[in-house]
Student: 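Input: one structure, supplied below.
We count ligands from 1, going down the list as the structure has it; atoms in each ligand are counted the same way.
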Amino acid sequence: MTTVLRNVPEMARWSAETRRLDLALGFVPTMGALHAGHFSLLERARRENDRVVVSLFVNPTQYDDPADLEEYPRTFEADMEMIESAGVDTVLFPKYKDLYPDDYRFRVTESPFSEELEGGAREGHFDGVLTVVLKLLNIVRPTRAYFGEKDWQQYVLVRDMAAAFFLETEIVACPVIREGDGLAMSSRNVHLTPEERRLAPEFHRILTGGENPEILRRRLKERGFDVDYVERRENRMLGAVRIGKVRLIDNVGI
Ligand code: PAF
């Protein structure tokens with residue numbers, strides 16, 4: 001049976017109790033609208049820890065476009081079903097004022113990586129992500145926190161923030177989970193029309209097809225995608241494209 005905690009002091013008490021019992025605590029931060037990609041994070045957290053916490057919070061500070069924030073699917077009942085079936089112990093389901101008593105006067109800013117790629121397309125996005133993740137890690141104080149490599153830039157920024165601020169939590173990266181045809185699982189996929197959905201897996205197929213970003217950009221354009229970027233970072237090829245109204249991101253190892 002999963003317990004839902006709706007405020008910070010309750011969560012902090014439960015977490016303190018977990019530490020007192022010397023139990024390993026796994027944490028999966030989410031914005032809800034859970035899909036198979038999230039489920040793989042929950043399963044891994046369940047396997048590697050004694051207790052598991054999931055947060056459900058659609059974080060407004062990481063959106064520069066109010067319409068985008070409005071459109072984010074809210075599916076609490078279905079999320080709870082998945083969470084229960086993964087054997088999660090506790091859900092943190094806070095309100096804005098619980099997490100932002102300061103109304104976002106204080107924030108975490110990174111430069112320059114957070115201004116590139118996703119940060120270039122969405123101003124202030126990673127300030128919002130890093131700030132809410134730091135708040136959540138300070139409240140939950142987990143042994144390990146799990147992030148999907150689908151949002152590879154987010155994972156790298158969180159990993160580096162944890163190192164920069166000497167956080168005790170281990171930041172764990174989990175591989176991208178894909179549909180059978182290669183499309184990376186995403187809460188945005190529900191917004192694709194059937195025709196767009198048929199085209200979408202071509203994004204991943206083309207991204208895996210070479211090491212020269214310029215050539216990949218051209219191939220994507222020829223196939224009908226509106227290309228935001230294709231760039232290489234560390235050992236990965238990262239891309240963002242638009243099909244109609246939907247923006248998709250993906251990345252593959254090279
Ligand atoms: O990846 C997400 O769902 C969000 O960016 C996160 C990490 C839960 C912060 O709001």
Side-chain angles (χ1 to χ4, degrees), residues 8 11 26-42 44-45 52-66 68-76 78-79 82-83 86 88 90-100 104 106-110 113-114 117-119 121-142 144-162 165 167 169-177 184-191 238 240 247-251:
V8 172
M11 183 71 242
F27 175 46
V28 183
T30 80
M31 300 206 299
L34 304 183
H35 50 68
H38 295 107
F39 192 70
S40 75
L41 305 184
L42 303 183
R44 175 133 178 222
V52 178
V53 180
V54 174
S55 60
L56 294 177
F57 179 66
V58 183
N59 176 36
T61 65
Q62 66 191 73
Y63 284 89
D64 61 345
D65 177 357
D68 215 12
L69 172 63
E70 197 53 46
E71 260 178 35
Y72 194 85
R74 270 85 166 166
T75 55
F76 184 76
D79 292 346
M82 181 186 287
I83 284 169
V88 169
T90 297
V91 170
L92 175 61
F93 186 54
K95 294 205 168 39
Y96 175 78
K97 66 173 177 17
D98 297 314
L99 287 188
Y100 289 95
Y104 202 37
F106 297 92
R107 60 190 73 179
V108 181
T109 301
E110 187 274 355
F113 188 41
S114 68
L117 305 171
E118 285 307 290
R122 305 168 69 187
E123 209 191 320
H125 171 65
F126 286 116
D127 285 9
V129 169
L130 293 175
T131 302
V132 81
V133 169
L134 182 61
K135 285 170 184 276
L136 290 167
L137 291 177
N138 278 333
I139 296 163
V140 177
R141 296 188 54 193
R144 301 181 187 87
Y146 295 81
F147 292 84
E149 283 183 345
K150 159 87 184 346
D151 295 301
W152 186 82
Q153 188 179 11
Q154 167 173 282
Y155 156 68
V156 168
L157 286 164
V158 168
R159 178 196 71 191
D160 294 354
M161 173 181 76
F165 292 109
L167 302 185
T169 301
E170 180 192 340
I171 306 300
V172 182
C174 303
V176 183
I177 303 297
M185 300 261 183
S186 165
S187 317
R188 288 164 185 253
N189 294 352
V190 298
H191 299 305
L238 301 124
R247 187 167 179 281
L248 300 175
I249 63 170
D250 204 342
N251 67 92

Student: Can you give me the closest heavy-atom contact between I83 and V91, atom names plus distance?
Tutor: CG2-CG2, 3.6 Å
Student: Nearest to atom 3 (O) of ligand 1, what protein heavy atom do you find, and at what distance?
Tutor: M31 CG, 3.6 Å
Student: Looking only at distances, please establish whether an N/O atom of ligand 1 is found under 3.5 Å from an N/O atom of Q62.
Tutor: yes
Student: Does ligand 1 have a heavy atom under 4.0 Å from the side chain of V158, from its backbone, from both, or from neither?
Tutor: neither
Student: What residues form a salt bridge (Lys or Arg N to Asp or Glu O under 4.0 Å) with R107, not counting sequence neighbours?
Tutor: none
Student: Going by the order shown, which atoms of ligand 1 are within less than 4.0 Å of some heavy atom of V132?
Tutor: 9 (C), 10 (O)
Student: Closest approach of M31 and Q62, non-hydrogen atoms and distance?
Tutor: SD-NE2, 3.7 Å
Student: Could you list the residues that satisfy salt bridge (Lys or Arg N to Asp or Glu O under 4.0 Å) with R144, not counting sequence neighbours?
Tutor: E170
Student: Could you tell me whether Q154 and ligand 1 have an N or O pair separated by under 3.5 Å?
Tutor: yes
Student: Do the non-hydrogen side-chain atoms of V53 and M11 ever get within less than 4.5 Å of each other?
Tutor: yes
